[in-house]
Every structure is written in structure tokens, then in C-alpha cells.
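Here's the structure we're looking at; comments come further down.
Hydrogens, waters and symmetry mates are skipped; everything else that's a heavy atom, side chains included, is used. Keep in mind it's a predicted model, so treat the numbers as computed, not measured. Here is how names work: the chains are called A, B, and so on, in the same order as the sequence lines, proteins then strands, and each is numbered from 1.
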Amino acid sequence: MELDSDDEPIAKRNGKLPISIKDMPMGELSDDDDEPLGTKIAQKKVAIEKAAAKTAKAARASDAKAKKATSKKVVKDESDDEPLSKPKKRQSNGVASSAKKTNGVKKDESDSDAPIAKTKKGATKGKVAPAKKSAVKFEKESSKDGGDEDEENEEYRWWDMPKKEDDSIKWTTLEHNGVIFPPDYEPLPKHIKLYYDGKPVDLHVEAEEVATFFGSMLHSTQNVENLTFQKNFFNDFKEVLDKTGGARDKDGKEVDIKEFEKLDFTKIFEYYKALSEAKKARPAAEKKAEKAERDKIDAPYLYCKWDGRKEKIGNPRVEPPGLFRGRGEHPKTGKVKKRVMPEQITINIGKDAKVPNPPQGHKWKAVVHENSATWLAMWQENVNGQYKYIMLAANSAVKGQADYKKFEKARELKKHIDRIRADYAKELKSESMADRQRATAMYLIDKFALRAGNEKDTDNEAETVGCCSLKYEHVTLQEPQTVIFDFLGKDSIRFYNEFVVERQVFKNLKMFKKPPKENGDDIFDRLNVSFSKQNLKTVGLTNMLQTSHLNKHLSSYMPGLTAKVFRTYNASFTMSRLLQELKIDQKSTIAEKIKLYNDCNREVAVLCNHKRTVGASHEAQMEKLENRIKGLKYQRWRTKMMMLDVDPKLKKKKGAEYFQLDNDLDEDWIKEHQTFLVDEQRSKIQKKFEKDNEKSKEEKKGKELPASELKERMKSVSELEAKFKKENKTKKVEAEGKGPTVERFEAAVEKINERIRNLELQSADREGNKEVALGTSKIVSGPKNYARTCSNQVSELHRSSLDRCFCPQGQRPD
DNA sequence: TTCGGCACTTAGGACTATCATG
DNA sequence: CATGATAGTCCTAAGTGCCGAA
């Protein structure tokens, strides 16, 4: 392998801690083949390394040998350390098909009001009836004989496949069964109504449905109390009312609905709440059966056949109608998102594949065979005109490959980063204002992981910004070189940071903020080199540094380099560095290791400004945790005292210190805690009794347990109470249990210690995490370990390297 | 040379299954 | 064995960036 370690982007070399695939020398593999993750990656990577063809060939050969030696037939491949299976038959992917780009689907005009008469009942069953014969079948019917999974179900190891020259063509054959439509609206029962001005009103179903959109989300104060949300909803609601004949009172007289404040959805809300609670309360078996039923109906839509392979579809469902939940101050939040009709949906499918049937009485908008695209179905949503796609799942080959490419690109950036940095450092002082702005923007993107910041439509979107769209008021300067950023970024997440920057950057920003600029003006306002004053006049001051220009400049350093690559690069680089800096104590517990890992993860999340809103429950939870720790400490102390009870001489032996009460446990707290323990026991007994009682009633038809029984059982509670009382007085604790020995108590103390340690760790971890969104999507794509964490910016490789050094026996923390 | 159409990634939050734990 | 916390999944909004037409 032509490892040129110095060029390695993300990872730094370190024999102990191979951060990237390429970092792992081949030699390392052989002698440690029960290493769960890293090994496999390395092998895989070796197999696909395109460059040195012969080296790669050699590697593949040895790889094949390894395969012969160790395995015969791979069945399910759960074990990660198993050798590579040979690439399967290559689909010839040549495909001349220089298919033109257009798919003939033009902007969706107003045919959202498609003329399909959508009746209440008729259409209901109209779900695409999976055409009996020709629909794609994914069940393993062919594998009667072998016993194990048939060929098709074998994992497709795209990472073992030769690299494709042309990746603009995404598939040759594509079969699927279309999409899953949401269930039709089920009208409310007659007695559940919307109220207006205190009186129930009747609505046309269509209007009623819209009312339920709002009514069913009353719990979500976030939305429901938002004035824009209310206004938008109300406008759309009134529109439907107008269209459908308005609202009527019980005598059939029209009620003019004029004020949102007079609408009362609580009856609707309570109805749905009761419904879902009833659903939840049903016996498990029933729930299971229903789920199985649903799954069965969904099954044909969950997978497709992509170049002959079975691939999982990401979200095969058409989005259900509802209210648009735009984030932040989105001007359109609360508007009605209409039901998507088949007439709006374009299907993308192989030329020779059977086109899935649209629901009874409906038609697709179009059927195309766009093999340069990865989507299976597409429509435009009515609120913002956004395109919605049905695509493959993240663990599919196409997505995996794309993901892989992303990290390769970030890796590639390492080779150029020094030059790029040197250049923009120089250009910070450029004569040309445009260059200076560009260089400053690059500095911010590189240093602080800002997003590019494309232009936005200010009227129809929330006002959020990225680097290039930073406005005057988002940047505050503090001499001599501190910059305070305060703006809303993607998803209206606040970015607030005070950074000390290079003096030149500070000077530049100061210059970019010079009058006559004021609030609302772009910081980076120069889009091009040749800008004379009059040009500026004629074009206006609105020209900003556009991301496309920035990207064009970047691509001159390296093909495909764009602003977003810096985020991936810096996040990965940081993760890599942090993991290497970790001081791993061999004796650390799993919990401690997890904590360390989370610390790294957290730091990267901070870099990327991945935040979450800290819930109100957080505080309460922290307190609870704290109390549990205290409770354990108390228990530990009591156990120690019992030791003393068995052998008073211990006090000398172990020292008085050992038996000291922890100083965060004061007398009041202990009293409180004791009451708590007593209460707890009481309610436990009560509960148990009630349950036994039920049982008795059932078994011995109606025979209740006598109250005396309960009294009897409750005795232990008062005993406990008495015991505590006595302990409080004597400051001694009687040894509990049969055959109390010092050893036994010592063991108990040790156990408690362990638990305390864990909880304390947890507590610290959680506190640190409260605002930070750690990678939620641990998507496993492609090679099992080539997943992502830390919100798609950091390769899973880091995780595996972590596991490698953390978990010798493959006992992964998660 | 810009602009909008389009395709795809990134992201937070809601929802749900699972796990720990008392 | 219930119950609450946590992890994992689903959902879809909100970004980025490319490309071709005007």
C-alpha cells in the first residue's frame, strides 16, 4: 500500500491507535485477527485501494488466500473478523445511456388540487394492491433448500468492488413497488366537535381534518402557542371552511368563524389522547398482532431491487398531511401541508421493471427511468414547494459509497490544507477587497467550522445565516482581537461564541463593518474582483460574497473541494486528535471509557455547534441522580457500621476515617431519606398486597385477602422505622442478614463503591452533555464499521479505533 | 452570469423499543 | 416485573452545491 502517511488527512499516525484505514499497516492484521473492527476495515480498504494497481492486486490475492484458509461459506456475516468474501459477479455497469438530464417532470403547478374525487370510503382500500404476479418479491422463497440465506440476501460488499470510473450512472436495473400512502382520514365520532365561542360546530370532513391537525398537537406548546403558527393555521383553516361551506351550529345555521382565540380544540385533543392511551393499554399480544399485520402490508415497499440486489429503502412512506412545522421563526410555520396524491408523484424505475400500480382510480404524475438519480419516487410539497424524495436507506450501497467518498474527499483535503491556509493567510492582507473578504471567510469556515451560508429567500424562510451570509449585527468586535459571533444558524440553532482571532482577521472584519454599513448589511459584500464604485451603485449594495464563488476558488486547489468539506475535515481531524490524546488507563471501567469517548465526541459536537434544547426535565433528572448517589453513600456508611457491629476492633484497624459519614450527608437529609425509604417500602408492600389480592380474587373467585394480612405485612415497615430511629439515637447499626461477616460487608461496600463511581460518572457526563447533541445517527453503512457518528461529520473509523484500544475482548461499550 | 430547478446531505426532535434497576 | 431512563429509529425540515436554461 502506498501509504504516504504524511499526507494522511484525518488521522495521525500512531501504531497503537490506527485512526484511519490507511494507517493500519498490513502486518498488524495477521497477528491479531480477533480484533473486531479495525482489522476488517484495513483489509477491505486494501482491497479497494485503487491507486497502485499491482499492490492492490497483490493485496487482493493474499486476501483471497486468507479467505480460503479460514472460511468456507459465509452465512450471515455477523462476525466482523471474518475474512472477505470475494467480490460477487460484477454487474456490467457500462450503460451507454447518455440519458438527458430532464425527467420531464416540470414544476408542480396547482395540480395539487388534483381532480381525483377523493371519497371517504371508496379510496380507503385503494392502497396499491401489490400486483400478484409481477410485483417485486423480496421474500426468501427461493431458499427452501439450503437452509441458510440465499444469494440475494448476502451482504453486498461494495467496498470490495473495483471502483467505478463513472459514478454518474447510479443503476442499470431498478425495481420497486412504489410508495406507502398514509391512511385516509378517519372522521371524528359524531359527538366530538370543535367549539367556537363556547358552542360546538359541525364541519365538512375536509375542514374537520384540518381542525384535527391542530387539535391533535395541543400538547406541543412550542408550535401551538407560536403566533405565526396560529395565524398561518387559521388562514388555511378559514380557506378550507370557505371552500367547504363553513361551520354550522346544531341548528344548521352558519357560524362565522372570525377569531382564532374563540376556537376550542380541547374536545378533539382529548379524544385523540384517549384513543392513543387506549391503544397503549391494550394487551401486548393484541398490539403485536396488529403490528405484524401492518408490517405485512408494508413489507413489499420496504425494499427495492437495485441492480438485482435487494436494498432497503430509507423512508418508503409518503409524508402524511398535517401542519407544517417550520423551525425558528419560519414565516410559513403552521400552514396546512396537504395530502399528497398519486397524481403528484413521479416514479423513477427501470425501463424493464413493472411500474407499480397507483391506488385504485388514480394515476402517477409521471414515470421516468432516470438512472443518473438515486430516488425511487418524488413529489413536491405544497407549502414551500420543496422536493421530497423516496430514496434508499443509509446502509445501502449507493449511500454508503457516497458517504465513503465524502470522507475520502476530506482525507484528500489534508494534502492541500497547508497550502490553502498559507494562501488565505497571505490574502487576508490582499489589495483586493474581494480577495480579502474571501480569505477572511475561509478563515472563519476553517477555524470555526461555520457553514457556507448560501443566500436565502428572506420572505419565505426563517432568517438564518452561515459564513457568507453573516450580517453586520451578527459579529461584534472587541479590541484588540476578540470577535463575538451571535447568530442563528441552520435549524435556527443559535451560534454564540467569543473567539480570539488573528489580528489581521480582526482588522478585516472591522473594515467590513465600516460605515455606511449598518444592521442588516452583509459583512461579506464583495462578490467579485473587478468592482468599481459605479458598478456597485448600479448593481446595488446587495451583492454578497457568494458561496459559489468561494467554492469555485476552493475547487482550484482540489477538484470537488467546497466549503462543507472543511466541516467534515475539521471534525474528523479533531476527533482523531482527541482520541489519540486519550489517556487510557487499563484499569478503567467500561463506564469510564464511555465517558472518555463521549468527551471526545462532545468536543467535536461543540466544534460543529451541534446543540439540542435542554429539556425542563434535565434539572429534575440531575437532582434525582444526585439523590441516588447520596442514597448509596448512606447505604455504604450503614454497611460499614454493620462491620463495626460485627467486629468493633475494626475501627482501629481501618482507621476512624473509614467509618466517617460522608460530609454531604447531613442529619436532615438522612432523616428525609429514611422517611423516603420507609415510604417506599410501605407503598411497595401495599402494591404487592393489592396485586396478590387481585390474584386471590381471580383464583378463589372473589375471595379477598383479609386486611389483617396487610397489617401483618406492614409490620416490617414499622420495624424499619424503629430501626432507623434506634440507629439515629445510638449512632450504631446492627448487622443485618444471616451469618454476617466482615468479609461479606466488605464485598458489599466494594459493590456500592462501584455503583457510586458509575453514577458520578454518568452525572458528570450528562451535565456536560445537556446542551450538546452527540451523534445520534450511528448509521451503519456499507462495511459494518463504516458508519457515522457525530452527525455525519466524523467517520466511524474513529469509533473503531477507539474500540480497538478500549475493548480488548471486543466487549464494546455500546 | 445569474437564477431557479433539482438532488442529495445534514440535522434536531418526536416517537418507540429496549435496557437497567430498584 | 413495573417503571423510568436511554438508545435507536423515524420523520422531515433545512442546509449545500451542481447544472442547465434564460
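- OP1 and OP2 of C/dG15 both lie 4.0 Å or more from every side-chain N or O belonging to A/Asn454.
- Checked by distance alone, A/Lys564 brings no side-chain donor or acceptor within 3.5 Å of a matching partner on the base of B/dT10.
- Residues A/Leu444 and A/Phe485 form a side-chain contact, since some pair of their non-hydrogen atoms from C-beta on lies under 4.5 Å apart.
- Under 4.0 Å is where a charged nitrogen must lie from a carboxylate oxygen, and between A/Glu319 and A/Lys337 at least one such pair does.
- Ring geometry for A/Tyr389 against A/Trp375 counts as tilted: the plane angle lies between 30° and 60°, on a 0 to 90° scale.
- With DNA chain C read from its 5' end, the first of the two nearest nucleotides for A/Val318 and A/Asp491 is the one closest to A/Val318.
- The shortest side-chain heavy-atom distance between A/Trp306 and A/Lys170 falls under the 4.5 Å cut-off.
- A salt bridge does not link A/Lys287 to A/Glu290: none of the charged side-chain nitrogens sits closer than 4.0 Å to a carboxylate oxygen.
- Regarding contacts with the backbone of C/dC11, every side-chain N or O of A/Lys388 stays at 4.0 angstrom or more from both OP1 and OP2.
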Could I get a table of every N or O pair under 3.5 Å where one atom is in the protein and the other is in nucleotides 19-22 of chain B?
from	atom 1	to	atom 2	distance (Å)
B/dG22	OP1	A/Arg628	NH2	3.2
B/dG22	OP1	A/Arg755	NH2	3.2
B/dG22	OP2	A/Arg755	NH2	2.7

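- Regarding contacts with the backbone of C/dC11, a side-chain N or O of A/Asn315 is found under 4.0 angstrom from either OP1 or OP2.
- Comparing A/Val565 and A/His330, the nucleotide of DNA chain C nearest to each residue sits closer to the 5' end for A/His330.
- Salt bridge present: A/Asp295 and A/Lys291 bring a charged side-chain N and a carboxylate O closer than 4.0 Å.
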